[in-house]
Structure formats: C-alpha cells, structure tokens
Amino acid sequence: IRGHTCHGHNFCALELFEKMQEEGIKPDKVTFLCVVKAIGALEMIEQGTLLHDRIILTGLECDVMIANALMHMYCSCGRLESACRVFDRIPVRDVASWSAVITGHAAHGNVPATFGYFNLMHQEGMKPDKVTVLCILKACGIIGALEQGKLLHDYIRRNEADTELAVGNALVDMYARCGSMEDSLKVFKTLLKPDIISWGAIISGYAEHGCFGLAWDYLQKVEREGLKPN
RNA sequence: GCUGUUA
C-alpha cells in the first residue's frame with residue numbers, strides 16, 4: 001500500500017487496502033496512516049469519514065500520529081471544522097499536530113484561525129521544530145502575513161536555523177508571496193548553494209508580480225549556473 | 001512499512 005501511495009497511485013492503494021481486508025488481514029496503525037493519507041490526497045471525504053469511524057472503533061483515534069494524519073486529510077478535503085474537532089480531542093499534541101492545523105487553516109485563507117492557533121501554540125510553550133517553521137512560513141506566504149513572517153525570520157536567526165537550505169528556500173518563497181521581492185532577494189543572496197527550488201521561488205515571485213523581464217533574466221541565470229529548469 | 005514539509 002505504501003509503495004503505491006509514495007508514487008502517487010493513491011486509488012490503487014485503496015484497492016489494495018480493500019483486497020487486504022477481503023483476505024482477512026486486519027489493518028494496524030501504520031496501514032491506517034497510509035490509507036488516511038491516500039484518501040486525503042484523493043480528497044475522498046465520504047471514504048474519509050467512513051475510515052475515521054472505523055479508526056474510532058479500533059480505539060486508535062487518540063493516537064497522535066493517526067489524529068495528525070486525520071487532521072491533514074480533513075484539511076485537504078476542506079473540512080476545517082472536522083479537523084478542529086480531531087485537534088481538540090488529541091490528549092497530548094505534538095509539533096506535527098500544530099503544523100497540520102496551522103497549515104490547514106492557512107491553505108484555506110483563514111487568517112484569524114491561522115494566527116489563533118499560531119499564538120496558542122506559542123502560549124502553550126510548544127517549541128517549533130524545523131518542519132513547523134517550514135509550515136508557518138508557508139502559512140505566512142499563503143495569507144500574505146509579512147509582519148508575522150518577519151517575526152518568524154528573527155526567531156529563525158536567533159536559533160541559527162537559517163543555514164538550512166529548506167528553511168532559506170521557504171523564507172525566499174514567503175517574502176516573494178508577501179510581495180516583498182526585496183527581502184526575498186536579500187535572503188536568496190545569503191544562500192551558499194541555491195538549488196532549483198531557490199531559483200524557482202524567485203522566478204515565480206517575479207512572474208506572479210508581473211515582472212516578466214526579471215523572471216526571464218533569472219531563468220537565464222539558472223542555466224548559466226548549470227542547473228536544469230524543471 | 002510510520003503523521004505535519006519550501007519552487
């Protein structure tokens with residue numbers, strides 16, 4: 001099942017899940033994680049609700065990884081209230097729980113809820129890890145929260161996390177989406193070895209803001225750097 | 001085999 005989901009063959013994965021059960025093999029926690037993820041990718045909300053009911057019957061709904069996967073699934077399907085209900089029922093939340101609920105609300109442009117959960121996370125003393133930082137930067141980019149993004153940038157600098165390329169790329173992307181190509185370029189120039197994602201963030205930032213000449217120039221630079229545009 | 005992840 002996992003072999004199929006990680007290649008994007010989510011429907012095949014669901015068929016295998018059915019077949020497995022026809023053969024009398026009971027799904028465990030890992031099976032459910034994979035299948036919840038597949039259903040989320042397919043945005044099959046009816047199937048997702050049915051699977052959630054089955055998970056409740058097995059008593060796994062309080063498992064933090066299962067709950068996080070369910071939240072992500074509901075957010076992918078646009079069911080933010082359902083995601084919140086799962087979030088509220090998690091006995092012990094981890095960083096992934098917060099990442100899922102914050103990114104989920106940001107993806108749907110729910111600015112108050114995004115900041116609400118972000119502030120609550122801070123209040124509860126949950127320290128963001130690398131992935132949470134990526135998720136919150138993504139959230140800031142989606143909802144255009146430049147000020148919050150800059151505060152997070154300060155936090156990243158204080159924690160010396162800005163040397164990580166993934167974080168640097170997420171900053172370049174966040175500033176570009178917030179409309180500050182100046183800040184975006186400033187971060188880009190600090191990257192020791194920009195990859196195709198770094199360049200892509202700059203190019204799409206210029207393209208998104210109607211600066212086609214600059215987008216074109218940077219595309220030429222990519223090739224001059226010996227990188228292959230994807 | 002294992003949830004949240006930047007163009």
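Quick caveat, the model's predicted, so the values are computed rather than measured. By convention in this document, chain letters (A, B, ...) are assigned in the order of the sequence lines, proteins followed by strands, and residues within each chain are numbered from 1. We use all heavy atoms of the structure for the numbers below, so side chains are in, but hydrogens, waters and symmetry mates are not.
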- Message: Using a distance-only criterion (donor-acceptor N/O pair, under 3.5 Å, no hydrogens), is the base of B/U3 paired with the side chain of A/Asn68?
- Response: yes
- Item | A/Asp88 with A/Arg85: basic N within carboxylate O range, under 4.0 Å | no
Base, sugar-phosphate or nothing for [X]? Non-hydrogen atoms, less than 4.0 Å.
{"X": "A/Asn230", "value": "base"}
{"X": "A/Lys37", "value": "sugar-phosphate"}
{"X": "A/Asp195", "value": "nothing"}
{"X": "A/Ser198", "value": "nothing"}
{"X": "A/Arg93", "value": "nothing"}

Measure from [atom1] on [X] to [atom2] on [N] and round the result to the nearest Å.
{"X": "A/Leu33", "N": "B/G1", "atom1": "CG", "atom2": "P", "result": "13 Å"}
{"X": "A/Leu171", "N": "B/U6", "atom1": "CG", "atom2": "P", "result": "13 Å"}
{"X": "A/Leu165", "N": "B/U5", "atom1": "CG", "atom2": "C1'", "result": "13 Å"}
{"X": "A/Arg2", "N": "B/U3", "atom1": "CZ", "atom2": "C1'", "result": "10 Å"}
{"X": "A/Phe188", "N": "B/A7", "atom1": "CZ", "atom2": "C1'", "result": "11 Å"}
{"X": "A/Asp63", "N": "B/C2", "atom1": "CG", "atom2": "C1'", "result": "10 Å"}
{"X": "A/Leu152", "N": "B/U6", "atom1": "CG", "atom2": "P", "result": "14 Å"}
{"X": "A/His72", "N": "B/G4", "atom1": "NE2", "atom2": "C1'", "result": "7 Å"}

- Query: When the ring planes of A/Trp98 and A/Tyr117 are compared, do they come out parallel, tilted or perpendicular, using 30° and 60° as the limits?
  - Reply: perpendicular
- Message: Tell me whether the rings of A/Tyr175 and A/His153 are parallel (<30°), tilted (30 to 60°) or perpendicular (>60°).
- Response: tilted
- Message: Hydrophobic clusters here meaning ILVMFWY residues chained together by side-chain heavy-atom distances under 4.5 Å, can you tell me if A/Ile202 and A/Ile196 are in one?
- Response: yes
- Message: Quick check for you: to the nearest 0.5 Å, what is the distance between A/Asn68 atom CG and A/Met73 atom CE?
- Response: 13.0 Å
Keeping the roles fixed (side chain from [X], backbone from [Y]), state whether a donor-acceptor pair exists under 3.5 Å.
{"X": "A/His108", "Y": "A/Gly104", "result": "yes"}
{"X": "A/Ser184", "Y": "A/Ser180", "result": "no"}
{"X": "A/His52", "Y": "A/Gly48", "result": "no"}

- Message: So if I take residues 204-224 of chain A and measure heavy-atom distances to RNA chain B, which residues fall below 4.0 Å?
- Response: A/Ser204
- Query: Does any residue of residues 94-114 of chain A have a heavy atom under 4.0 Å from RNA chain B, and if so, which ones, in number order?
  - Reply: A/Val95, A/Ala96, A/Ser99, A/Ala100
Nearest to the [X] side chain among [options], which nucleotide is it?
{"X": "A/Ile197", "options": "B/G4, B/U3, B/A7", "value": "B/A7"}
{"X": "A/Arg177", "options": "B/G4, B/C2, B/A7", "value": "B/A7"}
{"X": "A/Lys138", "options": "B/G4, B/U6, B/G1", "value": "B/U6"}

- Note on the structure: Contacts satisfying salt bridge (Lys or Arg N to Asp or Glu O under 4.0 Å) that involve residues 215-226 of chain A (not counting sequence neighbours) are none
- Over all heavy atoms of both residues, which pair between A/Thr114 and A/His105 is shortest? Give the atoms and the distance, please.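 So the two residues come closest at OG1-C, 3.5 Å.
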